[in-house]
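Bear in mind the structure is a predicted one, so any value in this text is a computation, not a measurement. Residue numbers start from 1 in every chain, and the chains themselves are labelled A, B, ... in the order their sequence lines are given, proteins ahead of strands.
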There are 2 protein chains.
Amino acid sequence: MDRRSILKHAGIAGVLAAGAAPAVHAQAAIRWRLASSFPKALDTIYGAAEVFAEKVNAMSGGKFVVSVHPAGELMPAFGIVDGVQQGTVEAGHTAPYYYFGKDDTFAMGTAIPFGLNSRQLTAWYFDGNGMKLFREFYDKYNIINFPGGNTGAQMGGWYRKEIKGVADIKGLKMRIGGFAGKVLTRMGGVPQNIPGGEIYQALEKGTIDATEWVGPYDDEKLGFYKVAKNYYYPGWWEGGAQLDFYINKAAFNALSKENQAIVEAATAYAHTEMQARYDARNPQAIKRLVANGAKVLPFPKAVMDEAFKQSMSLYTELNDTNPAWKKIYSDYSAFRKDANVWFRFTEANFDSFMQRQKL
Amino acid sequence: MDRRSILKHAGIAGVLAAGAAPAVHAQAAIRWRLASSFPKALDTIYGAAEVFAEKVNAMSGGKFVVSVHPAGELMPAFGIVDGVQQGTVEAGHTAPYYYFGKDDTFAMGTAIPFGLNSRQLTAWYFDGNGMKLFREFYDKYNIINFPGGNTGAQMGGWYRKEIKGVADIKGLKMRIGGFAGKVLTRMGGVPQNIPGGEIYQALEKGTIDATEWVGPYDDEKLGFYKVAKNYYYPGWWEGGAQLDFYINKAAFNALSKENQAIVEAATAYAHTEMQARYDARNPQAIKRLVANGAKVLPFPKAVMDEAFKQSMSLYTELNDTNPAWKKIYSDYSAFRKDANVWFRFTEANFDSFMQRQKL
């Protein structure tokens with residue numbers, strides 16, 4: 001095998017061995033593998049990893065190449081933390097809340113029920129303490145994290161029957177992302193873990209009563225509107241769901257300062273562009289969904305209030321039992337309080353005025 | 001003078017002469033000058049240009065250096081289009097709407113009354129037709145544009161007396177950014193052009209009745225709360241004011257592909273970070289302003305409605321008289337219509353629920 005092939009196939013160990021210690025020189029050919037938690041069909045989320053790779057390639061003049069691999073190709077969709085921690089891949093693109101089973105603190109890296117919205121979460125990372133606190137948290141996983149996109153506020157999912165009050169949540173079998181399932185359980189619901197590809201059938205057969213996924217643009221692809229017409233908002237458990245790029249610490253430290261800066265800027269570009277894709281494409285998708293029969297409905301106030309109450313009670317428990325959670329949540333929740341006071345004035349007022357106009 | 005000094009002092013002509021034609025090689029030392037429209041004291045807006053320069057420097061390993069110059073140092077605050085067009089500087093950082101006197105179309109590059117909000121404008125640029133349309137528009141100015149930050153929805157300014165209805169706008173002498181002054185005039189107000197450093201005195205003496213600037217974090221520095229207590233929202237003329245990096249076309253084309261990609265990613269990083277700074281710092285500033293006696297008040301509905309009506313009437317006139325405006329506004333306004341339908345559902349509903357809670 002020639003040197004290039006060795007680099008291509010050997011992963012981190014190969015790069016470290018081939019590069020001059022202690023840092024791989026900027027001129028050296030660097031090949032990274034990035035494992036995504038998402039299938040290629042999700043051009044928004046999966047696309048963010050492709051954008052990252054394109055930008056790194058372009059900025060380095062092809063001397064730093066990142067190959068992007070969809071879920072399942074190198075490791076399972078939810079194996080990214082393990083894969084990056086162990087150095088099986090140099091990089092991953094995933095939603096931190098998938099790993100709440102390791103530590104509930106991960107959930108705050110994506111979205112927790114009634115958490116920060118997209119702009120607030122980005123602000124907390126870039127100008128508040130979010131980045132600093134999560135860098136500390138991820139250190140023991142050998143991970144250096146970078147924000148890698150946000151979906152914006154998600155929809156509350158598709159329901160076979162209308163939700164008229166809290167009683168309709170009791171016994172509701174719903175496919176819902178992990179951490180939010182804890183709140184659904186407290187409300188009497190029955191969260192279900194079903195892979196993306198199997199949700200449609202389960203909903204059609206009535207094995208489940210409801211499912212959430214992301215928002216109009218992604219949901220449309222999975223066709224839920226054909227078998228469950230009631231499309232609720234807001235997705236109170238994902239007011240602004242962030243994705244992250246996870247970089248293996250040793251791989252990152254082996255980069256030159258130039259390439260480290262290139263990785264950082266490429267992630268920021270992907271972060272911004274992914275939110276832009278959702279914000280530009282969801283408006284078209286919601287129109288098509290409504291034309292195809294979807295009934296877009298708000299959750300009743302009583303359901304929202306009960307979900308809020310149960311969420312806050314869960315956070316109190318976590319504060320009492322998980323020091324890592326408590327440390328980050330105390331900063332996160334103080335930021336959230338102040339941000340919501342401010343956003344209520346000019347941002348909300350401008351937006352609500354515009355939303356009432358005939359444009 | 002040694003080669004480095006020549007490059008430093010000669011501007012674009014020097015870089016082009018010193019580099020190997022047709023493209024400056026990635027290894028060559030490149031020195032750009034960036035003229036900002038802002039004073040150093042505005043660490044949010046001016047800071048975005050510094051962040052851009054830092055990232056370019058870091059990604060190029062010091063081989064591509066951008067020096068950042070505050071307003072007035074190389075050219076007047078509003079001389080950036082001329083400076084970049086003529087190649088006096090390679091780059092500028094400014095608010096496009098300052099140049100509506102050249103062509104009203106510039107205004108859409110920052111904000112027009114009742115225009116897109118911050119996320120919508122970014123989405124229109126990155127995933128809609130905004131970037132493409134403005135690249136075409138700027139071509140005759142020898143400018144290649146990149147989004148370079150957003151302030152978010154601005155506040156509606158500081159008023160010596162309360163605004164209780166449309167009658168209170170008649171004869172109101174108000175310092176207000178250029179293009180929005182056209183709408184204020186249609187409402188019977190009297191827009192004033194006053195440099196930032198002289199506004200406070202004019203407001204204190206009563207030479208003007210009101211002024212707008214940006215939002216809590218920037219406004220606090222200028223001390224307006226000491227002489228005009230009534231702080232209105234929303235700033236309907238700036239629902240999401242974008243800054244741009246303007247790059248001289250010849251200077252950009254002379255860069256290697258790598259450095260072009262580095263410039264692009266550095267602007268995207270600065271774009272994201274500037275909004276984050278405002279979103280993280282405004283919440284603290286509004287608390288301090290209120291503690292110092294500011295009265296935070298919404299514009300009456302009648303004032304908002306009249307401003308909206310006059311704005312739409314102005315846009316109809318511009319559609320009839322300015323083909324460049326019409327081409328871009330037709331795309332912009334279609335995007336705005338769809339975006340506001342979508343944002344009304346889950347985004348607005350999630351935010352308004354959060355804003356009503358005791359957090």
Tell me if the aromatic rings of Phe126(A) and Tyr269(B) count as close, with their centers under 6.0 Å from one another. yes
Ring centre gap for Phe350(B) and Tyr233(A) strictly below 6.0 Å: no
Heavy-atom contact with chain B under 4.5 Å, split by part of [X]:
X         : answer
Val296(A) : side chain
Ile262(A) : both
Ser60(A)  : backbone
Phe308(A) : side chain

Side chain / backbone / both / neither for [X] at chain A, heavy atoms under 4.5 Å:
X         : value
Gln275(B) : side chain
Phe353(B) : side chain
Lys287(B) : side chain
Phe335(B) : side chain
Lys257(B) : backbone

Chain A contacts, top residue of [options] (heavy-atom pairs, under 4.5 Å):
options                                    : result
Ala285(B), Gly156(B), Pro216(B), Gly215(B) : Pro216(B)
Arg356(B), Gln357(B), Lys358(B), Glu273(B) : Gln357(B)
Asn282(B), Asp351(B), Ile286(B)            : Asn282(B)
Pro234(B), Gly235(B), Ala268(B), Ala266(B) : Pro234(B)

Can you tell which of [options] has the highest number of heavy-atom pairs within less than 4.5 Å of chain B?
options                                    : value
Gln154(A), Arg336(A), Met304(A), Lys301(A) : Met304(A)
Ala261(A), Gly239(A), Pro283(A)            : Pro283(A)
Phe345(A), Tyr278(A), Trp236(A)            : Phe345(A)
Thr122(A), Val263(A), Asn340(A)            : Asn340(A)
Ala58(A), Ala265(A), Ala339(A)             : Ala58(A)

Determine which residues belonging to residues 50-57 of chain A lie within contact range of chain B, meaning some heavy atom pair is under 4.5 Å apart, and list them by number or answer 'none'. Lys55(A)
Do Phe343(B) and Gln355(A) have side chains that approach each other closer than 4.5 Å (heavy atoms only, starting at C-beta)? yes
For [X] against [Y], the heavy-atom pair lying closest together:
X         : Y         : value
Trp342(B) : Met155(A) : CZ3-SD, 3.8 Å
Arg119(B) : Ser118(A) : NH1-CB, 3.6 Å
Thr272(B) : His271(A) : CG2-CD2, 4.2 Å
Ala153(A) : Glu347(B) : N-OE2, 2.8 Å
Ala280(A) : Asp127(B) : CB-OD2, 3.5 Å

Side-chain donor-acceptor contact under 3.5 Å, Gln284(A) with Asp338(B): yes
Under 3.5 Å, is there a donor-acceptor pair linking the side chains of Gln120(B) and Asp279(A)? no
Could you state the interatomic distance from OG1 (Thr346(B)) to CG (Asn117(A)), rounded to the nearest 0.5 Å? 11.0 Å
